[in-house]
A.B. asks: 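This structure is in structure tokens; I'll ask about it shortly.
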Amino acid sequence: MKWSRSLIPTLKESPSEAEIDSHKLMIRAGLIRRITAGAYAYLPLGTLVLNKVITIVREEMNRAGAIEVFLPALQPLNLLEESGRLTVFGDDLITFEDRHGKVTALGPTHEEVVTEIVKNEINSYKQLPLTVYQIQTKFRDETRPRFGVLRSKEFIMKDAYSFDGDYEGLNKSYKAMYEAYCRIFDRCGLEYIIVEADSGAMGGEVSHEFMVPSNVGEDVIIRCLTCGYSANRERAEAAPIPPEDHITFQPLKEVSTPDKRTIQEVSDFLQVKPCQMVKTMIYMVNGQPVAVLIRGDHEVNETKLSKVLGQETLALADHNTIEHVTDAPVGFAGPVGLSVKIIADQAVSALHNFVTGANKPDVHLLNVNHGRDFIIDKIVDVRYVAKGDKCPRCNSGIDISQGIEIGHVFKLGTKYSDALKARFLDAGGKERPMIMGCYGIGVNRIIAALIEISRDQDGIIWPLSLAPYHVVIIPVNVNDAKSIHMANHIYDELTLNAGIEVLLDDRDQRPGVKFKDADLIGIPIKIIIGKRFSETKELEIKLRKSGETFLVPPDEVRLRIESLFEMLSKP
RNA sequence: CGGGGCGUAGCGCAGUUUGGCUAGCGCGCCUGCCUUGGGAGCAGGAGGUCGGAGGUUCAAAUCCUCUCGCCCCGACCA
């Protein structure tokens, strides 16, 4: 492709809309343009990269035995109603009313649609197992789209769904997808961490997230650098905190804390560290108030809490309920004298002589001890892992970092096949629900994540596998007939005879402009036809990533490029 | 959805507080000269409903009301 005939609008300055580097670079390098909040147009260079990613994904899905399908973006609401996810998605669902008054959704994901199809078309164990996938645009009305294509209202997802007759089959299907994901991300040149993820309120099932470590990532990665334990924030556990030895119970004491409600306020006022305090949170569970005790410096993990309580729906109680239950305004709740069920986080059970609310206005209690002053009904793990926690497996220090979620694999079990009645007859003639798995990859996110981890002050650094073009030929002076002739010759040689994707910068621009642009758009290899060429007939090959240069006579260029390809293809 | 901010040329911005020349600057773009190894120089030029609607005024980018869009923080997020 000749530069002058494509559309590659590079920018010197960063647009004000962009906050993070990958977003800025995608705009500056002419990959994308925003059309509206959370929706981006892919320009030629962006489209080439997108297609590179899609090709890799498709090849590896096929290799793993998955079958490609193409499902509609439009979805009827009744399917989502049947699975119960209409309320789960809620306002995230983008819907519209057609001329007949029928309300239709733009699909946020496709579990229901694919299950509906399989339910209708598959009746026998002989037709299983089956894994289908598609590459489709998904729609979600994100409350706040941000970071360019990392969180948008419209995004491309590869979603796959496996159907098996038994759990052993699911395990095989899951493993095949898991391994395919590793190959896909390896081929894309991404460094990634696989973390255990929470499987929501279904319980007992397995889920893994593929994360690219990055400080702009919106997901939290908890891991142990010693034993390799890794999990996301919802899922991660910490080693139980051991109770202190030789504690003597101090006498319980009331203390006046006028208008001090938050942990921070009370901590400052009484000069007690938050880790010596206990928060009492009142939750509504099945219409009944429950007190949850958590250490002052910890946070309640509602995913764990709902699992512990066996409830999918729980919520913090409103102010009226709290005042009714505790006999005090919000901010002064405590377990002593409370008549509701008391659930304590493990860390609280290890505390002695702690500070907490007195269930009286403007009063807190000092030296509270469970067993003596109140009884805990249940000790459980219901908090998020915090800095300073220990690994639940090996008790080493734990590392908390951020990452971009680029893939998620999930053993669903029978959630959707039960809801939508997708059953089959087994060898014994017995009707059984299909066992499902689902597997997603954020295609656009792969691109943004790659740029986040592969760039420098000059621009993007593409791996060979994702580069929009492998090579850019730069004739320094396009008015020099010999240079142009050579540029065309090399172009044909590489394109026609070696199947290499080449961009020819035929613009009548000063060399500096062309070099800067080539660096910005991140083409792995530059072939420069300039001063050297007029002097010694040599061409210069320069690598984007390392900056290494090689002087090569024209008839050796192809061989040299091919050997560089081999080198660049290795991780 | 709460809080904050911003909409002026393709991009980045000044001008708005205190209303008043023909609405500016840098980059980019067009023409010519010159130049050709890391975003050159000179000269000339095109490009604006100042987000939109209404109002106040002799006069509005500037003041008032409404409205649309966008960004940031928070809440939310299979």
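Protein chains get the first letters and strands the later ones, always in sequence-line order, with residue 1 at the start of each. Every heavy atom of this structure was used, including side-chain atoms; hydrogens, water molecules and symmetry mates were not.
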A.B. asks: So that I can tick it off, tell me whether A:R151 and A:E142 are bridged by a salt bridge, with the cut-off set at under 4.0 angstrom between side-chain N and carboxylate O.
C.D. replies: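 A salt bridge is present here (some side-chain N lies under 4.0 Å from a carboxylate O).
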A.B. asks: When you compare B:rG10 with B:rU17, how far apart are their P atoms, in angstrom units rounded to a whole number?
C.D. replies: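 Roughly 25 Å separates the two P atoms.
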A.B. asks: Could you tell me whether A:R233 sits above the aromatic face of A:Y384, with NZ or CZ closer than 6.0 angstrom to the six-membered ring centre and within 45 degrees of the axis?
C.D. replies: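 Yes, cation above the ring, under 6.0 Å and within 45°.
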A.B. asks: Could you check which of B:rU36, B:rG39, B:rG69 has an atom nearest any side-chain atom of A:L520?
C.D. replies: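 Closest nucleotide among those given: B:rG39.
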A.B. asks: For nucleotides B:rG41 and B:rC34, find the distance between their C1' atoms and express it as a whole number of Å.
C.D. replies: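 Those two atoms are separated by 8 Å.
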A.B. asks: Between the side-chain atoms of A:D458 and the base atoms of B:rG38, is any donor-acceptor pair under 3.5 Å?
C.D. replies: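 Absent.
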A.B. asks: Verify salt bridge (Lys or Arg N to Asp or Glu O under 4.0 Å) between A:R455 and A:D21, making sure each step is shown before the conclusion.
C.D. replies: CA-CA 9 Å; A:R455 63 188 152 85; A:D21 290 318; 3.0 Å; yes
A.B. asks: Have A:E154 and A:T137 got a donor and an acceptor in their side chains that come within less than 3.5 Å?
C.D. replies: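 No, no side-chain donor-acceptor contact under 3.5 Å.
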A.B. asks: When the distance from CH2 of A:W3 to C1' of B:rG39 is rounded to whole Å, what number comes out?
C.D. replies: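 Checked: the CH2 to C1' distance equals 12 Å.
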A.B. asks: Categorize A:I474 for me: base, sugar-phosphate, or nothing, with a 4.0 angstrom heavy-atom threshold over every strand shown.
C.D. replies: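 The answer is nothing, as A:I474 stays clear of every strand by at least 4.0 Å.
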A.B. asks: Once you round it to whole Å, what is the distance between P of B:rG28 and CD1 of A:I27?
C.D. replies: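 Those two atoms, CD1 and P, are 19 Å apart.
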A.B. asks: A:D480 near the nucleic acid: base, sugar-phosphate alone, or nothing, with a heavy-atom cut-off under 4.0 Å?
C.D. replies: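 It contacts nothing in the nucleic acid.
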A.B. asks: Rounded to whole angstrom units, what separation is found between the CD atom of A:E17 and the P atom of B:rC13?
C.D. replies: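 Value for this atom pair: 11 Å.
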A.B. asks: Taking CZ from A:R151 and P from B:rA75, how many angstroms apart are they, rounded to a whole number?
C.D. replies: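 Going from A:R151 (CZ) to B:rA75 (P), I get 13 Å.
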A.B. asks: Are the charged groups of A:D505 and A:R507 less than 4.0 angstrom apart, N to O?
C.D. replies: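 Answer for the salt bridge query: yes.
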A.B. asks: How long is the line joining NZ of A:K482 and P of B:rU36, in whole Å?
C.D. replies: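 Taking atom P of B:rU36 as the reference, NZ of A:K482 is at 17 Å.
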A.B. asks: For nucleotides B:rC13 and B:rA23, find the distance between their P atoms and express it as a whole number of Å.
C.D. replies: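 Approximately 23 Å lies between the P atom of B:rC13 and that of B:rA23.
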A.B. asks: Rounded to the nearest angstrom, tell me the gap between atom CZ in A:F89 and atom P in B:rC77.
C.D. replies: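 Distance check: A:F89 CZ to B:rC77 P gives 12 Å.
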A.B. asks: By the 4.0 Å heavy-atom rule, please label A:T143 as base, sugar-phosphate, or nothing.
C.D. replies: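 A:T143: base contact, heavy atoms under 4.0 Å.
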A.B. asks: Hey, is the side chain of A:E540 pairing donor to acceptor with the base of B:rG37 inside 3.5 Å?
C.D. replies: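 Present.
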A.B. asks: For the base of B:rG26, is there a side-chain donor-acceptor partner from A:E13 under 3.5 Å away?
C.D. replies: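 Looking at the base of B:rG26, it does pair with a donor or acceptor on the side chain of A:E13 (distance under 3.5 Å).
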A.B. asks: Would you kindly check whether a donor in the side chain of A:K526 faces an acceptor in the base of B:rG38, or vice versa, at under 3.5 angstrom?
C.D. replies: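 Between B:rG38 and A:K526, which were checked side chain against base, a qualifying N/O pair under 3.5 Å is absent.
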A.B. asks: When all nucleic acid strands are considered with a 4.0 Å heavy-atom cut-off, which category describes A:K542: base, sugar-phosphate, or nothing?
C.D. replies: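 Contact class for A:K542: base.
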A.B. asks: Does A:R33 reach a base, just sugar-phosphate, or nothing at all? Heavy atoms under 4.0 Å.
C.D. replies: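 If one applies the 4.0 Å heavy-atom cut-off, A:R33 turns out to touch nothing in the nucleic acid.
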